[in-house]
> 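What follows is a structure written as structure tokens; I'll ask about it next.
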2 protein chains.
Amino acid sequence: MGQIHPLKEEVTLEVIKTACSNCNLRELCLPYGLSEEELDKLDDLVSTRRRVKRGEHLYRAGSPFDAIYAIRSGFFKTDVLLEDGRDQVTGFQMAGELLGLDGISTEHHTCNAIALEDSEICAIPFPHLESLSRDIPTLQHHFHKVMSREIVRDHGVMMLLGTMRAEERLAAFLLNLSQRFTARGFSHAEFYLRMTREEIGSYLGLKLETVSRAFSRFQEEGHIAVQQKHIRILNVSGLKALMNHRP
Amino acid sequence: MGQIHPLKEEVTLEVIKTACSNCNLRELCLPYGLSEEELDKLDDLVSTRRRVKRGEHLYRAGSPFDAIYAIRSGFFKTDVLLEDGRDQVTGFQMAGELLGLDGISTEHHTCNAIALEDSEICAIPFPHLESLSRDIPTLQHHFHKVMSREIVRDHGVMMLLGTMRAEERLAAFLLNLSQRFTARGFSHAEFYLRMTREEIGSYLGLKLETVSRAFSRFQEEGHIAVQQKHIRILNVSGLKALMNHRP
DNA sequence: GCGTTCGCTTGATCCATGTCAACCGTGGCT
DNA sequence: AGCCACGGTTGACATGGATCAAGCGAACGC
């Protein structure tokens, strides 16, 4: 299991199974809005699939950039390491989301992408994507939207880091996760965290103890039920109130 | 002065004066790397110029997006306003930089862009830009780089907000400004801030008093000379050390 | 099955930054 | 010239979150 035998039939089967046109994430991912015909062209482009085991790097800061990656399944984090040893998680990415957009600017990746669980990705060679998006305005426009959405998301994080208190940050974080799980057809109220308290803290600009205390407090107040990485959201509107109520 | 008379000669003169092909910011801005011929096409595209007085909005959060803007001269800030009244400055932009990239994703602007001094901008209708960049791969690729650079910049701010202390943040901020002024041919060591302490604080996730105290301290320690908005950097390496020395 | 490790929780204390408040300098307006 | 408003500085005090430290439970390797 997990082994792929390079027999012709198996390879073909694999390709068919993982083509964009058949992917159930296509409405969340790059193919959004494309016609059948256009999808076929994209299928040709997205030639490389790869499995990334939990803990493995998909790419590293400083390595040459030549492709962006769509997550087929699994869960990733990206982090940045400063010269002086500080590091920060800049994002958590799940199925249907794109990784590597930061590498376009300098032709080198500027962060590390690490799988938080066994994952599968589609590599999209960037020069090919640019070339194809010159032919397919819908693809071009959608790609621009995806990049722009990343900028908007980052502004949201800046807002969170710049103006919110610890519990507000964690509430915002949980609601965001919940909403993204919902968009993928999972329960909005119950999920497993793939990341540690320390990684959450790094992302939210907090120490792991503070994250842990906030979880405990949310539980005491009946907003959520926590048991290690298992989260059940009991009171969405409670969390929302917590998120934007300045005391 | 400041009045533009709509006489034919004047308008023509204005257009020639402000064409990308003649703009001394072209190497910092969108035209980077284009041939003469390609530049001519871009000149046709960038048809609208506008003056924005100090304090005026270039666009507002929620307003429909139809163009991105290149700053010809002047200085802007962008800020985001949350429902609960919190707001944060998400960036300061100077000549040669682009504004409005956040609007692509939802077709509406997601932040306010406000001039911090009398400024001039070039409006670039976005559908035209997409169309032209389908014809000019160099333009397409450069535009992608610019968007990607914005993402990388935002990661830097997240890092700053998530891991740095007040004085480190301010040192990073000053060094960043200095570097951007240098790239525009101004002194790297002496400049006027266009924003208030409160705006700096908002951007850096600090209160204005903290910003003020940090300025005073930098001055006491001989790293800079401050007088209101006039800044002289006396010791660049001192600031750099301050920026990434964990005490 | 047992020990080790890692991630998590909780408590006690400390410190950086926020908060509140007073005051000052500058620039704009009358 | 003089007043006013705004931005900036500085001080005293409060507090949220960091830090230090101890202990616990679940997962994993032997």
Side-chain angles (χ1 to χ4, degrees), chain A residues 53-55 77 86-89 114 116-118 160-174 192-221 224-231 242-243 245-247, chain B residues 53-55 77 86-89 114 116-118 160-174 192-221 224-231 242-243 245-247:
Chain A
K53 282 234 174 77
R54 184 186 136 105
K77 71 169 176 182
R86 276 184 276 212
D87 69 341
Q88 183 171 28
V89 172
I114 299 147
L116 293 181
E117 62 182 33
D118 292 358
L160 180 146
L161 292 171
T163 72
M164 291 188 178
R165 320 260 234 70
E167 294 190 2
E168 298 173 326
R169 294 183 201 187
L170 189 65
F173 174 72
L174 289 175
Y192 279 92
L193 299 172
R194 320 292 152 115
M195 70 295 278
T196 66
R197 302 287 189 264
E198 184 165 22
E199 286 162 338
I200 297 174
S202 171
Y203 180 61
L204 298 179
L206 302 168
K207 292 292 156 184
L208 68 96
E209 293 95 328
T210 306
V211 174
S212 180
R213 278 185 243 269
F215 271 127
S216 302
R217 200 157 218 274
F218 287 178
Q219 179 155 251
E220 280 167 30
E221 290 171 354
I224 63 173
V226 206
Q227 201 171 25
Q228 304 283 108
K229 300 199 162 165
H230 181 223
I231 303 284
L242 246 161
M243 189 180 90
H245 190 54
R246 310 245 65 184
Chain B
K53 283 233 173 77
R54 184 185 135 106
K77 72 168 175 181
R86 274 183 279 211
D87 70 341
Q88 184 170 28
V89 173
I114 299 148
L116 293 181
E117 62 180 35
D118 293 358
L160 180 145
L161 292 171
T163 71
M164 290 189 180
R165 319 262 234 74
E167 295 191 0
E168 297 172 325
R169 295 184 200 187
L170 190 64
F173 174 73
L174 289 174
Y192 278 91
L193 300 173
R194 320 293 151 112
M195 68 296 278
T196 66
R197 301 287 189 264
E198 184 165 23
E199 287 163 337
I200 297 173
S202 172
Y203 180 61
L204 298 179
L206 302 169
K207 292 292 156 183
L208 67 95
E209 294 94 330
T210 307
V211 173
S212 181
R213 278 185 244 271
F215 271 127
S216 301
R217 200 157 218 273
F218 286 179
Q219 180 155 251
E220 280 167 30
E221 288 171 356
I224 63 174
V226 207
Q227 202 171 23
Q228 303 284 110
K229 301 200 161 163
H230 180 225
I231 303 283
L242 246 162
M243 189 180 89
H245 189 53
R246 309 246 65 184

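Each chain gets a letter, A, B and so on, in the order its sequence line appears, and its residues count up from 1.
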> Between B:I231 and B:F215, is a side-chain contact (heavy atoms from CB on, under 4.5 Å) present by the stated rule, with each step listed?
CA-CA 10 Å; B:I231 303 283; B:F215 271 127; 3.7 Å; yes
> Just the rounded figure in Å: distance from P of C:dG25 to CD of B:Q227.
12 Å
> Output yes when at least one side-chain N/O atom of B:R197 is less than 4.0 Å from OP1 or OP2 of D:dG8, else no.
yes
> What is the distance from NZ of B:K207 to P of D:dT15, rounded to the nearest Å?
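Rounded to the whole Å, the gap is 16 Å.
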> Assign each of B:R213 and A:E167 to its nearest nucleotide of DNA chain D by heavy atoms, then name whichever residue's nucleotide is nearer the 5' end.
B:R213
> Take atom NZ in B:K229; do more than 12 heavy atoms of anything else shown fall under 6.0 Å from it?
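Yes.
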> Would you kindly give the CD-to-P distance between A:E209 and C:dT9, to the nearest whole Å?
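My rounded result for the distance is 11 Å.
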> Nearest to the side chain of B:L206, heavy atoms from C-beta on, is which of C:dT10, D:dA18, C:dG18?
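Among C:dT10, D:dA18, C:dG18, the one nearest the side chain of B:L206 is C:dG18.
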> So what does B:G201 touch, heavy atoms closer than 4.0 Å: a base, only the sugar-phosphate, or nothing?
nothing
> Applying the side chain to side chain contact (heavy atoms under 4.5 Å, CB included) test to A:S202, which of A:M195, A:K207, A:Q88 qualifies?
A:Q88
> For the pair A:R169 (side chain) and A:L204 (backbone), establish whether a donor and an acceptor sit closer than 3.5 Å, ignoring hydrogens and angles.
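Present.
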> Does C:dG7 have OP1 or OP2 sitting under 4.0 Å from an N or O in the side chain of A:K229?
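For C:dG7, neither OP1 nor OP2 has a side-chain N or O of A:K229 closer than 4.0 Å.
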> Could you check how far CG of B:L193 sits from P of D:dG8, rounded to whole Å?
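It works out to 9 Å between those atoms.
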> What is the distance, to the nearest angstrom, from the CG atom on B:L204 to the C1' atom on C:dT17?
14 Å
> Using whole Å, report how far NE2 of B:H230 lies from P of C:dG27.
13 Å
> Mind calculating the distance between CZ (A:R54) and P (D:dA27) to the nearest angstrom?
12 Å
> Does the side chain of B:S212 get closer than 4.0 angstrom to OP1 or OP2 of D:dG7 through an N or O atom?
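For D:dG7, neither OP1 nor OP2 has a side-chain N or O of B:S212 closer than 4.0 Å.
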> Write down the distance between CD (A:E220) and C1' (C:dT10), rounded to a whole number of angstrom.
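That distance rounds to 11 Å.
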> Does a side-chain N or O of B:T210 approach OP1 or OP2 of C:dA16 to a distance below 4.0 Å, or not?
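No, B:T210 has no side-chain N/O under 4.0 Å of OP1/OP2 on C:dA16.
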> Please report the shortest heavy-atom distance between B:E221 and B:L242, naming the atom on each side.
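Shortest heavy-atom contact: OE1-CD1, 4.4 Å.
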